[in-house]
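In the text below, chain A, chain B and the rest are named by the order of the sequence lines, each starting its count at 1. Remember, predicted model here, so these are calculated numbers, not experimental data.
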Amino acid sequence: MKHGRKATNQHLVIYLNRADNAHPPRFGFVVAKTVGSAVQRNLVKRRSRAAIRERLSNFQLGDSLVIRALPGLADLSWNEFTQELDESLNKLVASGSESR
RNA sequence: UGGGUCGGCUAGACGGUCGCGGUAGUUGUAAAACUAACGAGGAACGUCCGGGCUCCAAAGAGCGCAGUGGUGGGUAACACCCACUCGGUGUGAACCGCAAGAAAGUGCAACAGAGAGUAGACCGCCACGCAAGUGGUAAGGCUGAAACGGUGGUGUAAGAGACCACCAGCGUUCUAGGCAACUAGGGCGGCUAGGUAAACCUCACUGGGAGCAAGGUCGAACAGAAGGCGUUUUAGGGCUGCUCGCCCAAGUCUUCGGGUAGACCGCUUGACGGCAGUGGUAACACUGUCGCUAGAUAGAUGGCCGUCACCGAAAGGGACAGAACCCGGCGUAUCGGCCGACCCUCCAA
RNA sequence: GCCCUCGUAGCUCAGUGGAUAGAGCAGUGGUUUCCUAAACCAUGUGCGGAAGUUCGAUUCUUCUCGGGGGCA
């Protein structure tokens, strides 16, 4: 992800790299131990997967996305989580289309 | 009525929809698709003990080291569990206890105090002496966590287990009960033998080492260099603190550098769970019958909607916590809910 | 998953059954100086937590909390 762009939020850091490859979109989740216990980390990963699945149509071939979770994310509700995620994604997509 | 003790169970339920994991079946050359039933816990946690399993040739001996520590039983085993004994706490139901040995030996006890361990003599008491002091004594005072039996009497110059009575404690022995720990009672002895073993130690019993990243099969990739010790007179290794014994052995060890990090087996049917019966006070065991109940490999349980229960006046809320080879325990965390047995107290009879 | 280690002052470390736990640096106040630094004097701050053994625990034992490291 050295060539990607980054968007930071209060509880999220998102990296996006758009390449011209033909591979399907790839997603990675980084949940460190600082986020919480094993139960809380699992919850964050599952919610991230569910949220990305709902937004699959927003991505193109060749995209690579990494979501890094920060401490405090596990205490959010589902609605707060998706709101932060959408904000960050919109920022990334908007800046990407401008530069091209 | 109020308060409490112990034991057990549970950890929201049902449905719709979009998804995930392995398994079975069908289709398909294959990739994959479809269908079906399953899919985290009471602690999955901490990793504090004990085992199974695997490898170390087999798992040998002695010393050392470590662990356990009332008795009997349960168990594959245990530091766990059950029953009992002893000691302590509580009005009680009950609870707590690393609960062997201090006359085998060594050590330790600061400060205070006269004295802290084969006792001792500061004040005191008594005798002698004009006095200084000398001798006797340990009842009383003081210090301390702890001071060498207690009470009463006899006795004495004053006193003292010096002697006596009772009591407490010790050793030894006998009787009765109990598998035993131990309990009850009697005789004899000597008159007191202190504390600490989670200090060294002694006694009894137990323990070989490593761990599923164990271990095995297949496949992929790469590049060697320097040095040490050896090649039948035994280097090095298994082996871990030492010694012995045994085995492997022609290579092996150290440092630097380079490469790989994929697949499969191990892997889930087990000291397994439910029910019934029998034995046992119980822990538990045996017999019969029924059942199959996660198996991932960056790690599968989430999102949305509805109904009904719980808490709350409502808004709203719902604990602790996520399997990674598997079991048996222990310890710790936990919003709550339910059931049973028992104790104290209040009222009534 | 398994194994091994370490917690003492703000920091780096000593210590070890005995009263009031030390050393260096840092901090605060003062002396000196026209002012600052240096120097000198004074001073505050602690044994990760809870039980137990002991007359007495930082030390011994058990449980627990937190940190660090290793493995094919």
*Any chance you could measure A/Ile14, atom CD1, to A/Lys6, atom NZ, to the nearest 0.5 Å?*
12.0 Å
*B/rG195 versus B/rG340 - spacing of their C1' atoms, nearest Å*: 49 Å
*What stems, by residue range, does RNA chain C take part in, given at least 3 consecutive Watson-Crick or G-U pairs under 3.5 Å?*
C:1-7 with C:65-71, C:10-13 with C:22-25, C:27-31 with C:39-43, C:48-52 with C:60-64
*Give the minimum heavy-atom separation between A/Lys91 and A/Thr8, together with the two atoms involved.*
NZ-O, 3.5 Å
*With no hydrogens and no angle check, do the side chains of A/Ser64 and A/Asn17 hold a donor and an acceptor under 3.5 Å apart?*
no
_Quick check: do A/Phe29 and A/Ile52 have side-chain heavy atoms less than 4.5 Å from each other?_
yes
*For atom C1', what is the distance between B/rC201 and B/rC65, given to the nearest Å?*
15 Å
*With P as the reference atom in both, quote the distance from B/rA214 to C/rA72 in angstrom, rounded to an integer.*
7 Å
*Determine if the base of B/rA40 is syn or anti; take syn to mean the glycosidic torsion is within 90° of 0.*
syn
_Pairing nucleotide - B/rA225, Watson-Crick or G-U, each distance under 3.5 Å_ = B/rU255
*Hey, is B/rU172 sitting syn or anti, using the within-90° cutoff around 0?*
anti
*Is there a side-chain polar atom (N or O) of A/Arg49 under 4.0 Å from OP1 or OP2 of B/rA300?*
yes
_C/rU12: syn or anti, per glycosidic angle within 90° of 0_ = anti
*Write down the partner of B/rC14 under the Watson-Crick or G-U wobble criteria, each distance required to be under 3.5 Å.*
B/rG306
*On a whole-Å scale, what distance lies between the C1' atoms belonging to B/rA43 and B/rG328?*
15 Å
*Could you work out the separation of B/rG52 and B/rA36 based on their C1' atoms and round it to a whole Å?*
36 Å
_Is B/rG42 syn or anti, taking syn as a glycosidic angle within 90° of 0?_
syn
_Complement of B/rG115, any strand, by Watson-Crick or G-U distances under 3.5 angstrom_ = none
*asked:* For a 4.5 angstrom cut-off between non-hydrogen side-chain atoms, does A/Arg5 reach A/Tyr15?
replied: no
_Watson-Crick or G-U wobble mate for B/rG273, both contacts under 3.5 Å_ = B/rC290
_Are the side chains of A/Thr82 and A/Arg55 in contact, using a 4.5 Å heavy-atom criterion?_
yes
_Using heavy-atom distances to pick each residue's nearest nucleotide on RNA chain B, tell me which of A/Gln40 and A/Lys45 is more 5'._
A/Lys45
*Do you know which two heavy atoms are closest between A/Ser88 and A/Ala7, and how far apart they sit?*
O-CB, 4.0 Å
_B/rC191: pairing nucleotide in any strand, Watson-Crick or G-U under 3.5 angstrom_ = none
*Is the closest side-chain heavy-atom distance between A/Ser77 and A/Glu80 below 4.5 Å?*
yes
*Whole-Å P distance, B/rG101 and B/rA197*: 11 Å
*Identify which one of A/Leu85, A/Val31, A/Val13, A/Val30 satisfies the side chain to side chain contact (heavy atoms under 4.5 Å, CB included) criterion when paired with A/Ile67.*
A/Leu85
*Using purine N1 to pyrimidine N3 plus N6-O4 or O6-N4 for Watson-Crick, or N1-O2 and O6-N3 for G-U wobble, both under 3.5 Å, which nucleotide pairs with B/rU75?*
none
*On a whole-Å scale, what distance lies between the P atoms belonging to B/rG46 and B/rC212?*
15 Å
*Starting at CZ of A/Phe29 and ending at P of B/rC20, how long is that distance when rounded to a whole Å?*
14 Å
*B/rG161, syn or anti by chi within 90 degrees of zero*: syn
_Under a 3.5 Å cut-off for both contacts, is B/rG236 paired Watson-Crick or G-U wobble with anything, and if yes, with which nucleotide?_
B/rC248
*Contact summary for A/Phe81 and A/Ala51, nearest pair of heavy atoms*: CE2-CB, 4.1 Å
Tabulate protein N/O versus nucleotide N/O from nucleotides 302-307 of chain B, keeping only pairs under 3.5 Å, one per line.
| from | atom 1 | to | atom 2 | distance (Å) |
| --- | --- | --- | --- | --- |
| B/rG302 | OP1 | A/Arg46 | NH1 | 3.3 |
| B/rG303 | O3' | A/Trp78 | NE1 | 3.2 |
| B/rG303 | O2' | A/Glu54 | OE2 | 3.4 |

*Across all strands, who's sitting opposite B/rG185 as a Watson-Crick or G-U wobble pair, both distances under 3.5 Å?*
B/rC174
*Would you mind reporting whether A/Asn9 and A/Leu70 have side-chain heavy atoms less than 4.5 Å apart?*
no
*Expressed in whole Å, how much space separates the C1' atoms belonging to B/rA158 and B/rC191?*
24 Å
